[in-house]
Amino acid sequence: MLEVKEISVAYGVIEALKGISFTVREGEIVALIGANGAGKTTTLRTVSGLLRPRKGQIFYQGQEITRLSPHQIVAMGLTHVPEGRRVFARMTVMENLEMGAYTCRSRAEFKANLERVFQRFPRLAERKNQLAGTLSGGEQQMLAIGRALMSRPRMLLLDEPSMGLAPLLVREVFSIIKEINEAGTTILLVEQNARMALSIAHRAYVLQTGEIILEGPAAELMERPEVRKAYLGE
Ligand SMILES: Nc1ncnc2c1ncn2[C@@H]1O[C@H](COP(=O)(O)OP(=O)(O)O)[C@@H](O)[C@H]1O
Ligand SMILES: [Mg+2]
């Protein structure tokens, strides 16, 4: 579904990604794990068209998207949930969800998508008139994911959905991600929380200072001594 081929991305002279390649197959959850500064966010921003790679190519559903704009990419069903749950704080929950629905072609489609998001996140329905900035951290993450689901994506790019959340909420967010995947959405999940990410992913890649150093089935990576030591705190 997604094929990233040898992409290099630089910020001025800083080379953030040094020719990385990876794939995500339809129906999978693929995790990209790595320490702070490894290049995880840069990878997602490049796939979603917010950054231009210096080299390399990106294919989505067999079509090259390397030079498409973010809105063209969203329209193809590939939606990004950015790091730090960037909800519109001064807008209500409902208005945030409307912002995510700009690809909807009709009122009926909008209503159907809203219905589905409210079913997945009943708490958002209860709080639809509340200002997003007054939601708890966990609720804001759910709103950020719910907003992305309003475009009915075939594939979601999730940037550190567990960041800053209490352990109980981390578990809740990951179980929701798993449910979204089981309902048919392919997921590329970027996380510093390697343990949780590997526990729900089918396959994973380990990113270290702009390079992929390990890849494989998530369960296998979890058993590798170097992963346990460097990323699972053992
Ligand atoms: N806007 C930017 N300008 C300059 N350097 C950046 C910028 N964004 C990220 N970087 C650098 O690129 C590298 C990768 O960052 P990032 O992709 O945010 O890593 P991660 O998401 O894995 O923490 C880091 O060295 C970071 O300092
Ligand atoms: Mg990041």
Side-chain angles (χ1 to χ4, degrees), residues 2-24 29-58 60 65-67 69-70 73-74 78-87 137-138 140-145 147-148 153 155-166 169-170 173-174 177 187-201 203-216 218 221-222 224 226-233:
L2 182 73
E3 182 175 17
V4 170
K5 274 176 121 167
E6 294 178 28
I7 56 164
S8 296
V9 179
Y11 299 102
V13 297
I14 299 169
E15 226 192 342
L17 296 178
K18 304 166 187 166
I20 68 163
S21 300
F22 62 91
T23 57
V24 182
I29 299 180
V30 169
L32 189 61
I33 61 172
N36 193 17
K40 304 182 299 298
T41 295
T42 302
T43 304
L44 292 195
R45 290 177 62 84
T46 306
V47 170
S48 64
L50 294 163
L51 290 172
R52 287 267 172 275
R54 295 222 164 150
K55 285 184 206 149
Q57 290 174 295
I58 305 166
Y60 171 67
I65 60 165
T66 321
R67 260 155 262 288
S69 64
I73 292 172
V74 172
L78 179 55
T79 304
H80 184 185
V81 181
E83 191 176 12
R85 34 179 188 275
R86 304 264 177 75
V87 297
Q140 286 187 27
Q141 185 57 259
M142 303 203 186
L143 178 56
I145 296 172
R147 185 179 59 190
M155 178 164 184
L156 268 184
L157 308 172
L158 296 172
D159 196 344
E160 307 238 25
S162 78
M163 197 198 268
L165 299 184
L169 274 171
V170 170
V173 165
F174 276 97
I177 294 168
I187 291 176
L188 175 59
L189 169 67
V190 149
E191 265 295 341
Q192 262 189 76
N193 187 336
R195 189 180 299 281
M196 285 305 295
L198 292 176
S199 76
I200 64 163
R203 290 187 306 117
Y205 294 83
V206 179
L207 191 62
Q208 187 178 297
T209 53
E211 290 175 288
I212 286 170
I213 56 158
L214 277 173
E215 62 179 272
L221 284 187
M222 195 119 68
R224 300 277 287 254
E226 61 269 50
V227 172
R228 300 187 78 87
K229 196 155 168 246
Y231 301 101
L232 302 177

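We count ligands from 1, going down the list as the structure has it; atoms in each ligand are counted the same way.
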Just wondering, do Thr66 and Thr46 contact through their side chains at under 4.5 Å, heavy atoms? no

Around ligand 1, what residues show up once you keep those with a heavy atom under 4.0 Å from it? Tyr11, Ala16, Ala35, Asn36, Gly37, Ala38, Gly39, Lys40, Thr41, Thr42

Using atom types as modelled and distance alone, determine if a side-chain donor or acceptor of Glu160 lies under 3.5 Å from a backbone N or O of Gln192. yes

From the Mg ion (ligand 2) out to just under 2.8 Å, does an N/O/S atom of Thr42 turn up? no

Distance-only, no hydrogens or angles: does the Lys40 side chain make a donor-acceptor pair with backbone N or O of Gly34 under 3.5 Å? yes

Angle at the Mg ion (ligand 2), OE2 of Glu83 to OG1 of Thr41, rounded to 10 degrees, please. 110°

Is there a donor in the side chain of Ser8 and an acceptor in the side chain of Glu15, or the other way round, less than 3.5 Å apart? no

Just by distance, do the side chain of Gln57 and the backbone of Val4 share a donor-acceptor pair under 3.5 Å? no

Is it the case that Glu3 and Thr23 place a side-chain donor and acceptor less than 3.5 Å from each other? no

Atom pair NZ (Lys55) and CD1 (Ile7), whose distance is rounded to the nearest 0.5 Å: 12.5 Å

